[in-house]
Amino acid sequence: MNGGPKRRPTSFDVAERAGVSQPTVSRALSGSPAIAEATRRKVIEAAEALGYFVDERAARLRRGSTGTLAVVVICREGDNAASINPFAYALLGSVCVAASERGFETLVSFQARPEDFFGHYQEQGRADGLVVIGTTTNAPAWEHFRALDGDGRKVAYWGSPFDELDWVRSDNRAAGRLAVEHLLAAGYRRPCFLGALNTPQVQFTERYEGYAEAMRAAGLAPCLAPTVNAPTREEEGRRAARRLIERGEDIDAVFAACDAMALGAIEAFAAADIAVPQGVGVMGFDDLVAGRFSRPPLTTIAPDPAEAGVALVEAVLDDGEAARRRVPVKLIARGSTAR
């Protein structure tokens with residue numbers, strides 16, 4: 001008895017079983033209209049009986065497409081799976097779903113160290129294009145992937161710190177305006193923005209600009225509680241809130257640039273025996289799952305991850321048609337601003 005591996009059937013085996021030529025098998029299985037339906041059925045039955053499957057990747061390459069979309073998630077150096085922003089996972093999932101609905105598989109890579117940076121999937125024939133998402137705190141990574149733009153490459157970026165790229169972003173200025181409108185309607189009169197400006201995180205600056213615009217429209221002076229770099233966004237928010245408390249700043253609400261910062265701020269206020277939302281209201285941006293279960297639950301502004309995924313895939317596969325597109329946002333009011 002031959003104990004070696006079983007030989008995979010080929011299109012020649014299918015042709016022999018169906019009583020047709022090998023080119024006829026290829027045309028029948030590719031859906032060619034030149035093949036009679038009766039012949040096509042005979043070929044399909046022979047293929048099924050033999051367990052023969054078309055090498056779809058090879059077929060797509062012959063048609064000039066890999067049928068694959070590459071996605072790179074930029075991380076901080078030293079991040080583990082648990083410390084990556086959960087919104088990046090939500091966005092990654094949405095990109096994969098949107099690609100699947102277009103008939104594409106996804107090839108995913110998490111990259112943090114310069115020696116690991118790689119984005120030449122299209123040149124190597126491994127993907128039809130590239131989506132880049134992830135933290136803007138890794139400046140070397142963004143400089144690397146910024147250099148991939150152009151020269152016929154199909155690349156789309158979520159939250160890019162560089163305006164000249166084909167980016168898709170949340171409607172961040174609208175988010176800032178929504179935050180102020182909500183806090184004022186809830187009875188707060190001195191809301192402050194917690195976050196950093198003039199950093200690679202362009203989206204934070206845009207949220208502040210929307211916040212400041214709405215404050216001025218209401219006859220109020222904008223307030224900024226600046227953050228500084230820390231190991232995590234939560235710690236950035238915690239430290240910025242502590243400074244507000246120590247300086248006795250005359251504020252009664254905080255709109256944090258992201259949920260993680262807002263959750264850190266809630267911890268700092270609790271440690272100082274300042275009640276949320278009675279003493280100070282807190283809200284963020286992202287709609288992280290953790291915010292739904294914080295105490296109190298976190299009011300937030302949420303982009304639509306599903307729409308973001310669709311926009312990114314369209315920006316790559318439809319020749320930049322959806323590039324520089326704003327994804328709408330919505331307010332989700334919870335206990336942290338319910339006076």
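In this structure, SG on C223 lies 13.5 Å from CZ on F255, to the nearest 0.5 angstrom. Remark: W142 CH2 to T135 OG1 distance equals 9.0 Å, nearest 0.5 Å. From L317, atom CG reaches atom CZ of R102 across 5.0 Å, with rounding to the nearest 0.5 Å. Residue E77 holds its CD atom at 12.0 Å from CD of Q111, rounded to the nearest 0.5 Å.
A donor-acceptor distance shorter than 3.5 angstrom exists from the side chain of N138 to the backbone of A112, with no hydrogens or angles considered. Proximity of a side-chain donor or acceptor of R238 to a complementary backbone N or O of A268 within less than 3.5 Å is not detected. Without hydrogens or angle criteria, S294 side chain to G291 main chain gives a donor-acceptor distance under 3.5 Å. The main-chain N or O of L69 is never found under 3.5 Å from a side-chain atom of D128 such that the two would form a donor-acceptor pair. Judged by distance alone, the side chain of S336 and the main-chain N or O of M283 form no donor-acceptor pair under 3.5 Å. At distances below 3.5 Å, at least one donor-acceptor pair connects side-chain atoms of D259 with backbone N or O atoms of F285. Remark: the backbone N or O of A257 is paired with a side-chain donor or acceptor of R207 at under 3.5 angstrom.
Closest of all the heavy-atom pairs between P296 and V276 is CG-O, 3.5 Å. Here the closest non-hydrogen pair linking S11 and Q22 is OG-NE2, 2.9 Å. Nearest heavy-atom pair, A225 versus C192, reported as atom, atom and distance to 0.1 Å: N-SG, 3.6 Å. Of all non-hydrogen atoms in T227 and L194, the two that sit nearest each other are CG2-CD2, 3.6 Å.
Residue pairs meeting the side chain to side chain donor-acceptor pair (under 3.5 Å) criterion with at least one member in residues 268-280, sequence neighbours excluded, do not occur. The list of side chain to side chain donor-acceptor pair (under 3.5 Å) pairs with a residue in residues 246-255, not counting sequence neighbours, reads R190-D250.
Using a 4.0 Å cut-off between a side-chain N of Lys or Arg and a carboxylate O of Asp or Glu, R292 and D287 qualify as a salt bridge. Comment: R169 engages D163 in a salt bridge, judged by a side-chain N to carboxylate O separation of less than 4.0 angstrom.
For the pair R189 and L184, the minimum side-chain heavy-atom distance is below 4.5 Å. Counting heavy atoms from C-beta outward, H120 and L148 have side chains that approach closer than 4.5 Å. Looking at R326 and R173, their side chains come closer than 4.5 Å, going by heavy atoms from C-beta outward. Side-chain atoms of I274 and I245, non-hydrogen and from C-beta on, do get closer than 4.5 Å to each other. Between F145 and F118, the closest side-chain pair of non-hydrogen atoms is not below 4.5 Å.
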**Study point:** Evaluation steps, salt bridge (Lys or Arg N to Asp or Glu O under 4.0 Å), between R17 and E45
**Key:** CA-CA 9 Å; R17 185 179 183 97; E45 288 170 2; over 6 Å; no
Check your understanding: Taking it one step at a time, do R325 and E307 satisfy salt bridge (Lys or Arg N to Asp or Glu O under 4.0 Å)?
Key -> CA-CA 11 Å; R325 173 173 162 183; E307 185 160 345; 3.3 Å; yes
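Looking only at atom types and distance, the side chain of Q203 has a donor-acceptor partner in the side chain of N172 under 3.5 Å away.
Applying the side chain to side chain contact (heavy atoms under 4.5 Å, CB included) criterion to E115, with sequence neighbours excluded, gives R113.
A cation-pi arrangement is found for R146 relative to F162, the charged atom lying closer than 6.0 Å to the ring centre and inside a 45° cone about the ring normal.
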